[in-house]
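Notes follow once the structure below has been shown.
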Amino acid sequence: MGFFRKRFDRQNKPNTPTKLPTSPIEQVSRSLKENIDAVRTSLGNSDDIIIRQFQINHRVDAAIVFVDGLADRQSLQEFILKVMMYDQEPSEVKFDKKHYLNDLKKQAISVGEVHDETDFKKTLNDILSGETAIFVDGYQTAIIASTRGWEHREVAEPTTQNVIRGPKEAFTENIRTNTSLIRRKIKDPDLRIETQVLGKHTHTEVSIISIDSITNPKVLEEVRERIKQIDIDGILESAYVEELIEDKTSSPFPTVFNSERPDVVAAALLEGRVAIIVDGTPFVLIAPALFIHFFQSPEDYYERSFFGIIRILRFLAFFAALLVPSLYIALTTFHQEMIPTQLLIDLAAQRDGIPFPALIEALIMEVTFEILREAGIRMPRAVGQAISIVGALVLGQAAVQAGLVSPTMVIVVSITAISNFVFPSYDMAISVRILRFGFMIFAATFGLFGIAVGLFILLLHLCSLRSFGMPYMSPMAPLSLIDQKDAVFRFPRKMLITRPRLISQMNTTKQTDHHSALGRSKK
């Protein structure tokens with residue numbers, strides 16, 4: 001069995017190329033009229049398709065084709081139309097039929113990126129991506145000028161991964177803005193960006209980013225291959241790609257990390273991971289992702305370490321969010337002898353008159369809380385305060401006074417909910433929310449023995465998971481003592497000399513051993 005096993009089902013599935021727009025001709029025609037007719041036929045005379053015919057130097061018929069709203073009109077006006085129609089004197093671009101298009105590109109069109117295209121389908125695809133196609137009568141080649149310039153959101157503060165200390169910038173929906181944010185942080189010539197187009201109808205750009213001198217080439221090739229195998233109608237968010245390339249879709253645990261923070265993605269690249277940016281979404285994917293990564297916050301590295309006490313609190317919150325309701329059910333149903341006598345008397349008094357067993361009581365509260373949380377995420381802001389008040393009343397005093405739940409159960413659900421919000425990763429929080437119900441059923445069926453069995457099954461499952469060939473539980477299983485410096489604990493920065501050994505096998509040293517260097521300088 002190879003180290004990099006292909007976990008998801010890709011057997012006998014051909015790599016269907018991305019479907020390009022249909023067109024009546026295969027190649028760009030020498031006839032300008034035929035090209036224009038083909039554009040109109042292919043794109044169905046849509047109102048946003050602009051075709052502008054003109055003469056270059058009062059001599060050659062030409063036309064530009066672009067999509068209104070996707071192309072930058074100012075660039076079109078200043079750098080293409082104006083120079084070719086008015087400013088360019090005939091003597092500056094001599095009419096040499098053989099080299100005329102090359103002369104136009106070199107001397108007249110002054111946008112940043114220009115290339116030739118003879119395939120008419122690819123030309124249509126460029127037009128629909130915001131580029132401008134220039135057809136010149138008598139030439140079987142279209143000039144594609146880079147004029148992308150649609151409206152987009154400015155770089156703003158992160159909304160899902162806030163920190164007290166650290167950069168206050170987040171990715172946007174524009175893929176080029178996102179790659180530039182990473183370039184600003186990693187000015188390394190080894191930074192590589194490979195772009196593919198996915199989605200038969202959406203033609204979404206997906207960029208794979210890695211650092212050539214650090215990233216494990218086997219991991220990069222695995223990511224590249226999995227993305228290449230995607231054959232789907234459309235990609236509207238990076239979650240589409242995440243679900244199609246992850247190792248085990250049936251597992252509740254995420255095996256691909258996502259972040260809207262450029263500093264988090266840059267740090268992952270410097271550790272040897274691979275980033276995947278999808279056009280149209282601010283959430284960038286990071287692979288491989290290990291269990292430990294979902295408990296690490298960027299703030300762990302911006303504040304003094306104190307050996308990562310806050311990170312340890314997150315692990316305690318993980319177990320609290322997962323097990324507190326099930327422990328309450330097990331203790332009050334099967335193991336009353338483990339509860340102190342006075343507390344047991346108080347609990348019995350509180351539960352006096354509650355018509356439901358502890359499991360039903362817990363399910364009522366948990367399901368109600370989940371409904372309120374879902375409503376809180378999707379409701380309009382104008383009614384948010386009203387829903388919050390209703391939620392507080394339902395989950396608080398009203399439910400207790402109605403005799404549906406006991407006051408202790410309200411406390412249990414509150415502790416669970418607060419612990420669930422401690423995780424830096426929302427994906428891991430969702431996993432815990434799902435697993436909590438399973439543990440509640442185990443506790444109601446077998447008591448503490450059921451919880452122990454559940455934990456054992458959970459541990460086996462976690463140890464069986466892999467993320468792009470990497471053991472999900474590393475560096476705990478398999479144990480790597482040197483990587484423990486940045487796992488459950490976070491040692492001082494001077495001691496973090498190496499990168500994660502399994503992930504970055506080519507280049508494991510990330511900084512000088514300052515203690516040794518200081519000792520040598522004193523001598």
Side-chain angles (χ1 to χ4, degrees), residues 248-255 291 294-295 312-371 373 395 399-400 403-423 427-465 472-473 476-477 488:
K248 209 166 191 176
T249 53
S250 58
S251 173
F253 291 97
T255 53
F291 180 74
F294 295 91
F295 295 88
I312 296 170
L313 285 177
R314 290 189 203 116
F315 282 97
L316 294 177
F318 171 78
F319 287 106
L322 187 67
L323 298 177
V324 167
S326 54
L327 286 173
Y328 174 81
I329 293 169
L331 292 175
T332 55
T333 306
F334 294 98
H335 311 284
Q336 295 89 348
E337 71 279 3
M338 296 179 69
I339 304 174
T341 307
Q342 185 59 47
L343 180 58
L344 181 62
I345 294 171
D346 290 341
L347 288 176
Q350 290 175 18
R351 286 191 50 76
D352 186 30
I354 305 293
F356 309 115
L359 173 64
I360 303 300
E361 187 186 2
L363 285 176
I364 289 173
M365 288 299 290
E366 287 290 345
V367 171
T368 306
F369 181 76
E370 293 297 332
I371 291 172
R373 178 170 15 206
L395 285 177
V400 174
L404 294 174
V405 296
S406 63
T408 307
M409 179 54 74
V410 176
I411 296 173
V412 167
V413 173
S414 301
I415 293 172
T416 307
I418 292 170
S419 300
N420 216 71
F421 289 126
V422 173
F423 308 137
D427 289 345
M428 183 57 73
I430 293 174
S431 304
V432 173
R433 284 163 59 186
I434 296 168
L435 291 171
R436 187 188 306 143
F437 289 97
F439 274 95
M440 287 163 61
I441 294 171
F442 268 117
T445 310
F446 303 107
L448 291 178
F449 178 72
I451 295 175
V453 171
L455 285 173
F456 183 69
I457 295 172
L458 182 66
L459 189 61
L460 285 179
H461 175 70
L462 285 170
C463 290
S464 71
L465 284 178
Y472 193 58
M473 288 300 287
M476 282 85 77
V488 178

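Along the sequence shown, the residues carry numbers beginning at 1.
Taking both residues in full, the closest heavy atoms of F294 and Y472 are given as CE1-OH, 3.5 Å, listed atom of the first, atom of the second, then distance. When all heavy atoms of A358 and Y328 are compared, the closest pair comes out as CB-CE2, 4.5 Å. When all heavy atoms of L344 and I339 are compared, the closest pair comes out as N-CG2, 3.8 Å. Taking every heavy atom of both residues into account, T416 and A321 meet most closely at CG2-O, 3.5 Å. Between S419 and A317, the shortest heavy-atom distance links the atoms CB-O, 3.5 Å. Closest heavy-atom contact between A444 and L359: CB-CD2, 3.6 Å.
Under a cut-off of 6.0 angstrom, the local environment of CZ in F456 is sparse, with at most 12 non-hydrogen atoms contributed by other residues, nucleotides or ligands. With a 6.0 Å radius and a threshold of 12 heavy atoms from other residues, nucleotides or ligands, F315 has its CZ atom above the threshold.
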**OP:** Give the C-alpha distance, both sets of side-chain angles, the deciding distance and a yes or no for ring-ring contact (aromatic ring centres under 6.0 Å, His included) between F291 and F318.
**Re:** CA-CA 12 Å; F291 180 74; F318 171 78; 5.8 Å; yes
Original post:
Between T332 and L347, is a side-chain contact (heavy atoms from CB on, under 4.5 Å) present by the stated rule, with each step listed?
Top reply: CA-CA 8 Å; T332 55; L347 288 176; 4.3 Å; yes
**OP:** Could you check F437 against V367 for side-chain contact (heavy atoms from CB on, under 4.5 Å), going step by step and ending with a plain yes or no?
**Re:** CA-CA 10 Å; F437 289 97; V367 171; 4.2 Å; yes
**OP:** Output, in order, the C-alpha distance, side-chain angles, deciding distance and verdict of side-chain contact (heavy atoms from CB on, under 4.5 Å) for V412 and M365.
**Re:** CA-CA 10 Å; V412 167; M365 288 299 290; over 6 Å; no
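Residue I329 holds its CD1 atom at 9.0 Å from CD1 of I441, rounded to the nearest 0.5 Å. A distance of 11.0 Å separates CG in L455 from CG in L460, rounded to the nearest 0.5 Å. Interatomic distance, L313 CG to F295 CZ, rounded to the nearest 0.5 Å: 12.5 Å. To the nearest 0.5 Å, atoms CE (M440) and CG (L363) are separated by 4.0 Å. To the nearest 0.5 angstrom, T368 atom OG1 is 12.5 Å from R373 atom CZ.
The aromatic rings of F439 and F442 are tilted relative to each other, their planes meeting at an angle between 30° and 60°.
Put simply, the side chain of L322 reaches to within 4.5 Å of the side chain of L435, judged on heavy atoms. Considering only heavy atoms from C-beta on, K248 stays 4.5 Å or farther from T255 through its side chain.
A donor-acceptor pair under 3.5 Å links the side-chain atoms of Q350 to the main chain of T408, judged by distance alone. Proximity of a side-chain donor or acceptor of S326 to a complementary backbone N or O of L323 within less than 3.5 Å is detected. A distance-only check finds no donor-acceptor pair linking the side chain of E361 to the backbone of P357 [under 3.5 Å].
For the pairing with F253, the side chain to side chain contact (heavy atoms under 4.5 Å, CB included) check across V432, L458, D427 returns one residue only, L458.
Evaluation of the side chain to side chain donor-acceptor pair (under 3.5 Å) test over residues 442-461, restricted to residues two or more places apart or in two chains, returns S251-H461. Legend: salt bridge (charged side-chain N to carboxylate O under 4.0 Å, His left out) pairs involving residues 434-460, not counting sequence neighbours, sorted by first then second residue: E366-R436, E370-R436.
Every residue two or more places apart in sequence or in another chain that forms a side-chain contact (heavy atoms from CB on, under 4.5 Å) with L404 is listed here: F356, A402.
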